Amino acid sequence: MSKDLTSRATDYSKWYNDIVVKADLADHSAVRGCMVIKPYGYGIWENMQKSLDKMFKDTGHVNAYFPLFIPKSLFEAEEKNAEGFAKECAIVTHYRLKTDPNNPGKLMVDPEAKLEEELIVRPTSEAIIWNTYKGWIQSYRDLPILVNQWANVVRWEMRTRLFLRTAEFLWQEGHTAHATKEEAIIESEKMLHVYADFVENWMAVPVVKGLKTANERFAGADETYCIEALMQDGKALQAGTSHFLGQNFAKAFDVQYVTKDNKKEYVWATSWGVSTRLMGALIMSHSDDNGLVLPPKLAPIQVVIVPIYKTEEGLSKINEVVFKLKANLQAKGISVKYDDSDTRKPGWKFAEHELKGVPVRIGIGERDIENGTIELARRDTLTKETVAIDGVENVIENLLNDIQANLFNKAKERQINSTYKVDSYEEFKKTLDEKPGFISAHWDGTPETEEKIKEETKATIRCIPLDNTLEDGVCIYSGKPSKQRVLFARAY
RNA sequence: CGGGGUGUAGCGUAGUUGGUAUCGCGCCACGUUUGGGACGUGGAGGCCGUCAGUUCGAGUCUGGCCACCCCGACCA
């Protein structure tokens, strides 16, 4: 029925790829690991950007833009950060091509155009930004700096998947500078909550807020906060991170400020980011075997109207009603598409808009015109009902809210039902294989144990939940004492 | 980056012992249709991923490269 979409049960990862391509979100490009984001997919990303950007501005941040290239000497300044990213960097070594004398019509790298110093294509921008901040900060009066940038970054990943892990991806990265440790910690926690708010209330994807373990921490951070979401196949996806960077970058780039009592202090830093990976989370959280399911708040088209007619006169009668309805809906801020192209039949349009996840579909035919009704179909439940056209604008407005809430509730229920408390390693392994999801278990707090569990089961500690209750227990692996449970899962 | 697989029209595919390529969907034209991916008739569309080699002749055999998929390693 739905254009040969692989079902989730048949092959979950093929289903995901099928949706991305068939719903016109993105495509593979001629460049290894890099995708083309198509207009429909980009429309969703733009809606995400719009909401997030407003949230950043509302919390006092401003946007700026820093260069794509980072000179190697700057890149290596913060040692841990450089080390963490070294294995996945694209490097510019030359700045010119020339025609190849041995190969007519072909170009070659001009060996004489070798750069004195290599340029690193940013995998993240801390280095170039902190090098810049050095010039911006002298006194406590210059602080805080609350800057965000929307940008692309490159990480040379070995295995890529559309949206989930691409060699180049789009993201935003906030980089803030503060006078005190407390203020920086408050900032990184604040932005974590902004992310959680966005992902839950706009994307309708429930998350667990937590802290990363030392093993999973951002290279160069003192503490990494994260939000973790659970996909339909029971695998976890890190949806956003916020880092408390301590004074690591300030020290690496010698960024000091003069305090009120004329003392020099290193600046405290945070950085935080979410990427086009969120698109992957969105797709895998709500979609079904008929295609994409979009939460109304992010859908490029919230309502699609499909006319059903036999004659030109029939169509013009329908048009009259639809134009008015469309204007009324738009006046309420609802995005509406009237799909009146006569090159497709209604059945085809129904299937197509389902595949693309349009939250609400209106069918309106000559029969409806006589009866003063329309057919309302909702994407999340795939149900339809015939309702009076009078006052339907309010009905639709409420319906969109209902769908938004329903998607979140369904995902939340799934998350709760897929989170298991486990108290032995045997049970831990069994649960991972038989009922994938979050596993809440005791851990002795050592990187060694974490590493062993990862080696043996491929499960990692997703986070130490922020709202954790302390309880005495023993580590499922080592049997050593533990004071709290942490959240394990296999992850994307 | 290691192991395995795939690449033929926009998409999905067939192709035998080596002889310029099959079918379906889609596309175009006309007609009939239009409340869940319509039907008929006619038509167009191909450097068989790419580069080289073997051969009188390569989709088919050999090698390199590129891309994608799966499994590993890697992935703040």
Side-chain angles (χ1 to χ4, degrees), chain A residues 1-6 11-14 16-18 21-22 27-35 78 80-89 103 106 123-126 153 155-162 164-167 169 171 173 212-226 237-238 240-245 248 271-273 275 277 290-291 306-312 314-315 318 340-356 361-371 373-377 382 384 386 454-455 458 460 491-492:
Chain A
M1 179 166 154
S2 28
K3 211 151 98 177
D4 298 329
L5 192 64
T6 307
D11 186 340
Y12 189 83
S13 107
K14 192 157 192 297
Y16 172 82
N17 287 332
D18 276 1
V21 173
K22 289 183 175 155
D27 235 329
H28 294 285
S29 69
V31 189
R32 198 201 102 93
C34 297
M35 64 180 165
E78 209 295 322
K80 279 190 185 151
N81 185 252
E83 228 183 271
F85 285 103
K87 287 164 295 182
E88 46 183 348
C89 286
N103 226 336
K106 305 281 184 195
T124 181
S125 301
E126 276 80 3
V153 288
R155 296 179 188 180
W156 212 262
E157 300 287 354
M158 288 300 139
R159 235 176 121 181
T160 58
R161 299 197 59 194
L162 293 173
L164 292 175
R165 178 171 286 115
T166 46
F169 56 91
W171 77 344
E173 45 182 328
K212 285 291 187 195
T213 60
N215 273 357
E216 301 276 329
R217 198 176 286 154
F218 178 75
D222 281 1
E223 204 71 87
T224 289
Y225 297 86
C226 65
L237 183 76
Q238 178 176 297
T241 48
S242 180
H243 315 291
F244 167 60
L245 301 174
N248 300 331
S271 71
W272 27 273
S275 71
R277 189 177 225 211
N290 292 310
V306 177
I308 302 142
Y309 57 94
K310 290 189 173 34
T311 61
E312 282 301 313
L315 177 61
I318 291 168
D340 63 345
S341 71
D342 59 358
T343 54
R344 301 289 186 199
K345 293 180 59 185
W348 191 94
K349 293 176 184 174
F350 294 169
E352 183 66 11
H353 294 123
E354 236 155 57
L355 179 61
K356 291 196 164 182
R361 186 187 70 234
I362 294 173
I364 178 161
E366 293 170 58
R367 208 159 69 201
D368 292 301
I369 301 292
E370 314 241 318
N371 301 336
T373 57
I374 59 167
E375 182 187 78
L376 263 189
L382 292 169
K384 308 189 271 202
T386 300
K454 184 180 173 183
E455 269 171 37
K458 288 189 216 159
T460 49
Y492 276 98

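Treat the numbers as computed from the prediction; the structure is a model and nothing was measured. Numbered from 1 within each chain, the chains take letters A, B, ... in sequence-line order.
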Legend entry - From Glu375(A) atom CD to Ile364(A) atom CD1, the distance as rounded to the nearest 0.5 Å: 11.0 Å
Inset, instruction - State whether Arg344(A) places a side-chain N or O below 4.0 Å from either non-bridging phosphate oxygen (OP1 or OP2) of C27(B). - result: yes
Legend entry - Of the listed nucleotides A38(B), C68(B), C70(B), the one nearest the side chain of Arg32(A): C68(B)
Inset, instruction - Compare all side-chain heavy atoms of Phe218(A) with those of Thr241(A) and state whether any distance is below 4.5 angstrom. - result: no
Inset, instruction - Measure from the side chain of Ser13(A), starting at C-beta and using heavy atoms only, and say which of U33(B), C70(B), C75(B) lies closest. - result: C70(B)
Inset, instruction - Please say whether the positively charged group of Arg277(A), taken as NZ for Lys or CZ for Arg, lies over the ring of Phe169(A), i.e. under 6.0 angstrom from the six-membered ring centre and within 45 degrees of the axis. - result: no
Inset, instruction - Tell me whether the OP1 or OP2 atom of C71(B) has a side-chain N or O from Arg159(A) closer than 4.0 Å. - result: yes
Legend entry - Separation of the P atoms in G19(B) and G24(B), to the nearest angstrom: 23 Å
Inset, instruction - Establish whether the base of G35(B) is bridged to the side chain of Glu366(A) by a donor-acceptor pair shorter than 3.5 Å. - result: no
Legend entry - Side-chain donor-acceptor contact under 3.5 Å, Asp11(A) with Thr6(A): no
Legend entry - Whole-Å distance separating the CZ atom of Arg277(A) from the P atom of C75(B): 13 Å
Inset, instruction - Please tell me which of the listed nucleotides, U34(B), A73(B), G35(B), lies nearest to the side chain of Met158(A)? - result: A73(B)
Legend entry - Proximal nucleotide (of C71(B), C74(B), C69(B)) relative to the Lys87(A) side chain: C74(B)
Inset, instruction - For Asp342(A), answer base if it contacts any base atom (sugar-phosphate contacts may also be present), sugar-phosphate if it contacts only those atoms, and nothing otherwise; contact means non-hydrogen atoms under 4.0 Å. - result: nothing
Inset, instruction - For the side chain of Arg165(A), starting at C-beta, report the closest nucleotide among C75(B), C70(B), G26(B). - result: C75(B)
Legend entry - Pairwise P distance, C61(B) and A14(B) [rounded to whole Å]: 15 Å
Inset, instruction - Go through the N and O atoms of the side chain of Lys384(A) and the base of G36(B), and report whether any donor-acceptor pair is under 3.5 Å. - result: yes
Inset, instruction - Check whether any side-chain N or O of His28(A) sits under 4.0 Å from OP1 or OP2 of C69(B), and answer yes or no. - result: yes
Inset, instruction - Please report, rounded to the nearest Å, how far the C1' atom of G12(B) is from the CG atom of Asn17(A). - result: 16 Å
Inset, instruction - Counting heavy atoms from C-beta on, name the nucleotide in C75(B), C68(B), G36(B) closest to the side chain of Ala351(A). - result: G36(B)
